[in-house]
Structure formats: structure tokens, C-alpha cells
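Computed over heavy atoms, backbone and side chain alike; hydrogens, waters and symmetry mates excluded. This one's a predicted model, so the numbers in the text were calculated from it and none came from an experiment. Naming convention: chains lettered A, B, ... in sequence-line order (proteins, then strands); numbering from 1 in each chain.
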Amino acid sequence: MGKYILKRLLSSLVVLLGVITITFVIARVVPSDPAAKWAGNRATQEQLAQAREELGLNKSLPEQYITYIGQLLRGDLGKSLNSKQPVTTELKQYVPATLELVLLAFILAILIGIPLGIYSAKKKDRMLDHISRFFSIGAVSLPTFWVALFLQLIFYKNLNVLPLGGDLSVMATIFEERPQITGMLLFDCMLTGKWQMFGDAFLHIILPCITIALYPIGLVSRMTRSALLEILNEDYITAGRSYGIREFKMLWKYALKNSLGATATDVALSMGYTLTNTFLVEAIFSWPGIGSYISKAITSLDYPAIIGVTIFGSVCYIILNLLADIIIASDPRVRL
Amino acid sequence: MKNWTDSLKPKIRSMQESFYLLARNRLSLFALVLLCVIVLLAILAPWIIPYPQDIADEAHIADKFLAPSAAHWFGTDELGRDVFSRVIYGGRVSLSTAILTVGISLLIGVPLGAVAGTLGGHVDNVIMRITDIFLSFPPLLLAISLVAILGSSLTNAILAIAISWWPWYTRLVRGQAISIKERKFVQAAETIGTGKLKIIFRHIVPNCISPVIVQASMDMGGVILTVASLSFLGLGAKAPTPEWGLMISTGRTYFPDMWWCCIFPGLAIFITVLCFNLLGDAAREILDPKTRKR
């Protein structure tokens with residue numbers, strides 16, 4: 001076990017180094033004049049020279065590579081062209097909002113996806129099973145950015161019950177100061193007891209959260225269904241049934257427990273896809289997270305910010321995969 | 001001649017069987033028919049769309065933002081162009097970009113996987129570590145930064161997606177190659193002194209290509225979504241190309257008042273990707289012996 005984790009840790013480090021190398025190639029080797037990209041379109045000669053100095057472009061490539069890694073180790077991702085702030089500082093500002101959104105979406109996905117999958121497996125090949133399977137494949141096929149627009153059309157324009165975007169309405173910030181503890185607004189409101197603001201923030205998170213949750217809901221319910229179908233055919237289930245254990249308990253306790261491993265792996269792996277979906281959704285709902293940050297960076301060709309988000313996203317993804325593997329390895333049935 | 005037809009018979013039978021299994025599931029049969037219609041529409045688009053001139057930059061400002069009607073089924077956009085014509089033509093754009101993207105990914109991924117699986121050892125190790133690295137980028141993010149550096153265009157988007165997509169095929173082909181290289185005919189070829197390269201491309205690759213083709217066609221949906229997402233972010237097709245993602249992105253400015261500019265292209269993406277995914281799901285069930293028996 002310990003040996004496996006160590007091995008897995010080492011291979012993650014190798015992959016991390018590889019990812020960093022690729023971003024180095026993209027940022028410094030592919031463009032014909034990296035300094036021009038780094039300093040932006042309207043850079044003066046002076047700024048260009050400064051960028052060359054900063055990136056160490058007058059040195060050889062291997063030397064540049066070493067400087068690059070040194071900068072990354074110090075958490076230096078360069079300065080954003082838009083705000084002239086270090087990218088790392090800006091990321092710190094934007095990450096909590098994204099984290100809040102993704103976490104909530106995954107909780108929603110598990111709360112809806114698992115019961116849906118169980119139900120589907122129990123009523124295999126009945127009408128409701130077909131509907132829920134169609135829903136889960138449909139959820140995977142929907143362009144997320146379009147769903148976001150669609151929900152806005154229904155709930156903002158037609159029904160006018162939910163806000164169009166943002167994380168807080170202007171009215172809510174007039175009388176009360178925005179709490180800043182963790183950066184996760186809902187959580188902070190709970191901590192400071194600002195329940196009115198909590199309500200307002202909650203209304204704002206509903207639509208983006210549902211949009212992001214659709215894909216993991218589909219995935220979780222499909223995985224739960226197929227894992228359960230396999231398990232329900234096993235002898236111990238038949239044995240349990242013949243002992244007269246209630247079907248409900250059988251499904252929710254004994255069968256579900258064994259299917260969760262497969263589901264957990266898929267949830268972890270779908271995190272990467274969800275992360276990128278989040279980018280698109282945030283841009284539409286003007287949610288103040290990394291997604292809005294990178295889409296702003298894309299439209300203004302803010303290269304340091306784009307590369308910074310890419311590195312940050314990949315590091316998160318590698319850590320998530322590592323955690324997923326360690327969780328699976330801690331299952332005593334898995335022999336390594 | 002007789003031998004040739006005989007050797008084909010089991011293949012035809014298994015195809016018939018697969019088709020029977022496919023047809024048994026009414027939903028996947030429906031998806032297949034719908035997909036054929038979509039492909040046909042995409043091929044015939046230039047000749048059948050009601051306003052062929054509207055796929056270009058032509059503007060009829062007098063007709064802008066007309067709501068859906070008999071003359072314009074899906075309404076008109078900000079330049080007075082017929083959205084229906086553009087959506088149908090968009091299928092041509094999306095399908096061809098998806099085919100190109102998957103094609104390029106196959107060109108990179110298949111040879112690498114075959115070499116890794118056949119040669120094994122250090123070569124295998126190096127190639128597989130490289131695929132691991134490429135797969136540790138969250139999907140889309142690598143493509144986003146590549147296009148951002150290369151400059152945004154549909155061609156660069158295709159290249160960028162292919163660069164982040166090929167490792168999947170390398171993994172698949174490697175697994176196949178490992179099992180095929182143990183087969184008698186490969187060993188026979190080795191014994192008579194056939195070169196490694198010839199063994200890989202004459203004997204191994206042709207024999208592991210069918211699961212690859214199934215996988216590739218299942219991936220089409222995902223690729224179409226990715227291309228649309230990149231275009232939506234402004235990193236793919238450029239105006240006036242009638243690309244679905246781009247149409248949604250342009251229409252977004254006038255959303256939700258002129259909802260038809262966004263809703264119909266999105267619906268087109270959804271239906272096309274859904275068909276591919278439904279078929280992919282059916283294919284997986286047919287190919288998986290565990291579910292086949294049930």
C-alpha cells in the first residue's frame with residue numbers, strides 16, 4: 001500500500017514535469033517572438049525589452065527552461081497583461097468562487113445521480129429506466145454553454161424568478177458588507193450569519209450549479225446503473241434475498257456499497273471535464289471565478305494569464321487523479 | 001474465388017447479427033436513421049438550403065432579427081441572414097471538422113500505439129509516459145492555450161484538439177497490439193525474417209483497426225462539442241463561417257430577446273452529438289459480451 005502510494009506519487013511528479021515542459025514549449029518555443037506575446041499587442045519597445053529580460057530570452061533554451069521551472073517553483077506565473085497584477089495573486093482571488101460552484105455541483109450530482117442510477121437498475125428496461133438512460137446520455141450530449149443560455153431564457157426572461165448572472169445582486173451589497181473569509185460567498189455568509197445575503201447568493205448560484213451538474217449527474221447515474229446491474233446478479237445478493245432481507249435494504253445498503261468504487265473513480269475522472277465546462281458556464285453567468293478570468297484573458301490575448309490557468313488547471317487535475325487512485329487503492333478488495 | 005466468399009461469410013453473419021442487435025433497440029435505430037439524415041443534409045447542404053447566399057457575409061439589414069416564420073423557419077440573425085440555412089450548412093462545417101480532427105488524431109495515435117505495443121520495453125515506456133502527460137491536461141485547456149498562442153482559426157482549432165486527443169487512440173491500439181503480436185501469423189512473419197516496421201504496419205495495424213474505428217466514430221460527438229466550445233470562446237471558426245458554436249456566441253449578444261439565433265444552432269449540436277452518443281452506447285453494448293448475452 002505505502003509502496004504503491006509512493007510509486008504513484010513519483011509518477012505524478014514525472015507527469016507534472018512533463019506538463020510543465022509542454023507549457024514551456026507552448027509559451028516560449030512555439031511563438032516566433034515570445035516577448036511580443038508576453039508583453040501584449042500594444043507594448044512599447046521598452047516593455048518588449050523588459051519582457052525579454054524577464055523571460056531570459058537572450059539566454060539559451062535550456063537556461064530559459066531552468067529559469068522557468070525556478071519561477072514556477074516560487075509560484076511566479078508572470079504578470080497579467082490586463083491588470084499588471086501577478087497571475088498567482090489573481091488566481092487566488094478567483095479560485096474560491098469556482099471551487100464553491102464545482103463542489104456544490106458535485107454534491108447535487110451525487111444526490112440526484114445515485115438514486116437515479118439505483119432506480120434505473122431496479123426497473124431495468126421499464127419506461128422509467130429508458131427515460132433516465134435517455135436523460136443521462138442527453139446530459140452528456142448537451143453543449144453546456146447552450147444549456148446555460150437556455151436556462152437563462154426560461155428562468156430569467158420568461159418566468160423572471162432567478163437572476164441573469166453574477167454571484168450577488170447590487171441591492172444586497174448596499175446595506176451589508178460582503179463577507180470575506182474563505183472567498184466562498186455562501187460559506188462566508190453562513191459563517192457571519194448574514195442570512196439575507198445568503199438567500200440572495202443562493203438564488204444566484206442555482207442556475208450555474210444546475211448547468212454544471214448536468215454532465216456529472218448523467219455520468220454518475222449511468223455508472224451506478226451499470227455497476228449495480230452487475231452486482232445484482234451476484235450470489236451474495238441472491239443469498240441475502242433468500243434470507244429475507246428487504247429489497248430496499250439490499251439495494252441501498254449491500255449492493256450500493258459495492259458499486260460505489262466504480263462510481264467514485266468516474267466522478268473523479270469527470271472532474272477534469274467538469275472543470276472545463278465550468279469555464280464556459282462561468283463566462284455566461286458572469287460568475288467571478290477562473291472561467292470568467294480565462295475567457296476575459298482569451299478575448300484580450302492575455303497570454304501569461306492563459307498559460308497560468310493552464311498550468312494551474314493541470315496541477316489540480318493531476319492531484320485529483322492521484323487522490324482518486326489512492327482512494328481506490330485503500331479499498332481492501334483491491335490487491336496491488 | 002470460392003475461398004474468398006467463404007472467408008467473408010462469418011464476417012457478414014456477425015455484421016447481420018450486430019445490425020439485428022442494433023435494430024432491436026428502437027432508440028438506437030432511430031439515432032442511426034436520424035444521423036443518416038443529418039449526414040445527408042450536410043452533404044447536400046449547398047444545394048438544398050433555401051437561402052444559399054446567406055452562408056457568406058451577405059447582409060440584408062432590412063430583414064434583421066425576424067422571428068421564426070414560414071419564410072424563415074428559424075428566423076433571421078443580426079445581418080438578416082436565414083438561420084435555418086446557416087444551421088443546415090453548419091452541419092457540413094461541424095461534421096467535416098470533426099472528421100478531420102479525429103483523422104489527424106488517428107494519424108498520430110495509431111502508429112505510436114502500434115509501435116509501443118509491438119516493441120515494448122523502453123520505447124513502450126517512453127511513448128506511454130508521453131501519452132500520460134498529454135492526458136493530464138484537463139480536456140479543452142491544452143487546446144485553449146495552443147490556439148491562443150497559434151492564433152485563432154478553425155484550422156488551428158482542429159490541430160489543437162487533435163494534439164490533445166491522440167493519446168486515447170495510442171492507448172487503445174497499444175492494448176490491441178500487445179495481444180495481436182502473440183498471434184501465430186505475427187510469429188510466422190517474424191520467423192521468416194520480416195522487418196519490424198513491416199510487421200507493425202502490415203500485420204499489426206490492420207488487425208487492430210476495427211475497435212479503433214468504432215471508438216473513433218463514438219468520439220465524433222465529443223469532438224463536435226469541443227470544436228463548438230472553442231468557437232464559442234472565440235478560438236475556432238471566424239465569421240462569417242456558419243459554425244454552430246460561433247453562431248451561438250454571436251447570437252449571445254442579442255440574447256434572450258432574439259432567442260432563435262442561439263437556440264436553434266444549439267439544438268443542432270445537441271441532436272447531432274446525441275445521435276453519435278446513442279449509437280456509441282449501442283455499439284458498446286453490442287461489443288461487450290457481458291451485456292450481449294442478457
Side-chain angles (χ1 to χ4, degrees), chain A residues 11-12 14-19 21-23 26-27 30-31 37 130 133-134 137-138 140-147 149-150 152-153 156-158 164 222 226 229-230 233 271-273 275-277 279-280 283-284 294-295 297-299 301-303 306-307 309-310 313-314 316-318 321, chain B residues 25-27 31 129-130 132-152 163 221-222 224-226 228-229 232-235 244-245 248-249 251-252 255-257 259 262-263 265-278 280-281 290-291 294:
Chain A
S11 80
S12 288
V14 173
V15 166
L16 188 65
L17 196 67
V19 165
T21 313
I22 291 176
T23 54
I26 293 175
V30 175
K37 299 259 178 204
H130 287 309
R133 282 181 81 191
F134 186 76
I137 297 180
V140 187
S141 315
L142 280 165
T144 330
F145 48 95
W146 180 72
V147 178
L149 290 171
F150 197 76
Q152 281 183 339
L153 176 66
Y156 172 73
K157 179 148 192 274
N158 290 351
L164 189 63
R222 266 169 89 180
S226 65
L229 280 180
E230 222 158 275
N233 275 335
M271 277 294 238
Y273 192 84
L275 201 75
T276 36
N277 263 346
F279 291 170
L280 295 162
I284 290 175
I294 197 176
S295 62
I298 289 170
T299 38
L301 296 178
D302 186 346
Y303 292 97
I306 296 173
I307 299 290
V309 174
T310 307
S314 315
C316 292
Y317 197 39
I318 291 171
N321 277 324
Chain B
N25 185 339
R26 254 174 280 158
L27 195 57
R129 285 301 82 73
I130 294 174
D132 282 350
I133 290 165
F134 273 89
L135 290 177
S136 346
F137 285 96
L140 245 189
L141 211 47
L142 179 61
I144 286 178
S145 51
L146 266 174
V147 182
I149 291 291
L150 293 173
S152 50
I163 286 174
I224 290 175
L225 267 184
T226 315
S229 308
F232 179 77
L233 284 172
L235 292 173
W244 291 334
I248 298 177
S249 153
R252 214 190 124 198
F255 193 82
D257 294 315
W259 54 270
C262 288
I263 295 302
L267 212 58
I269 301 178
F270 173 55
I271 292 172
T272 314
V273 177
L274 182 69
C275 285
F276 276 114
N277 285 349
L278 281 173
D281 212 47
K290 257 193 220 158
T291 39
R294 267 178 221 160

Quiz item: Are A:Ile284 and B:Phe232 close enough that some pair of their side-chain heavy atoms sits under 4.5 Å apart?
Solution: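 A:Ile284 vs B:Phe232: side chains touch.
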Quiz item: So do the side chains of B:Trp259 and A:Leu149 get within less than 4.5 Å of each other, counting heavy atoms only?
Solution: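 Side-chain contact under 4.5 Å: no.
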Practice problem: Measure from the side-chain N and O atoms of A:Tyr303 to the backbone N and O of B:Ala148, and report whether any donor-acceptor pair falls under 3.5 Å. | Solution: yes
Write down the atom of [X], the atom of [Y], and the distance for their closest heavy-atom approach.
X	Y	answer
A:Val19	B:Ile133	N-CG2, 3.6 Å
B:Leu278	A:Ile137	CD2-CD1, 3.7 Å
B:Leu274	A:Gly138	CD1-CA, 3.6 Å
B:Leu141	A:Val309	CD2-O, 3.8 Å
B:Ser136	A:Ile318	CB-CG1, 3.7 Å
B:Ile269	A:Pro143	CG2-CG, 3.6 Å

[X] versus chain A, the contacting section by heavy-atom distance below 4.5 Å:
X	answer
B:Leu150	side chain
B:Phe137	both
B:Ile271	neither

Quiz item: Atom CD1 in B:Ile144, atom CD1 in A:Ile298: separation rounded to 0.5 Å?
Solution: 4.5 Å
Practice problem: To the nearest 0.5 Å, tell me how far B:Leu142 CG sits from A:Ile26 CD1. | Solution: 5.0 Å
Exercise. Give the C-alpha distance, both sets of side-chain angles, the deciding distance and a yes or no for side chain to side chain contact (heavy atoms under 4.5 Å, CB included) between A:Phe145 and B:Leu233.
Key: CA-CA 10 Å; A:Phe145 48 95; B:Leu233 284 172; over 6 Å; no
Practice problem: Please flag which part of A:Ile307 lies under 4.5 Å from any non-hydrogen atom of chain B: side chain, backbone, both or neither. | Solution: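 Just the side chain, heavy atoms under 4.5 Å.
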Quiz item: If you tally heavy-atom pairs under 4.5 Å against chain A, which of B:Gly221, B:Gly251, B:Cys262 wins?
Solution: B:Cys262
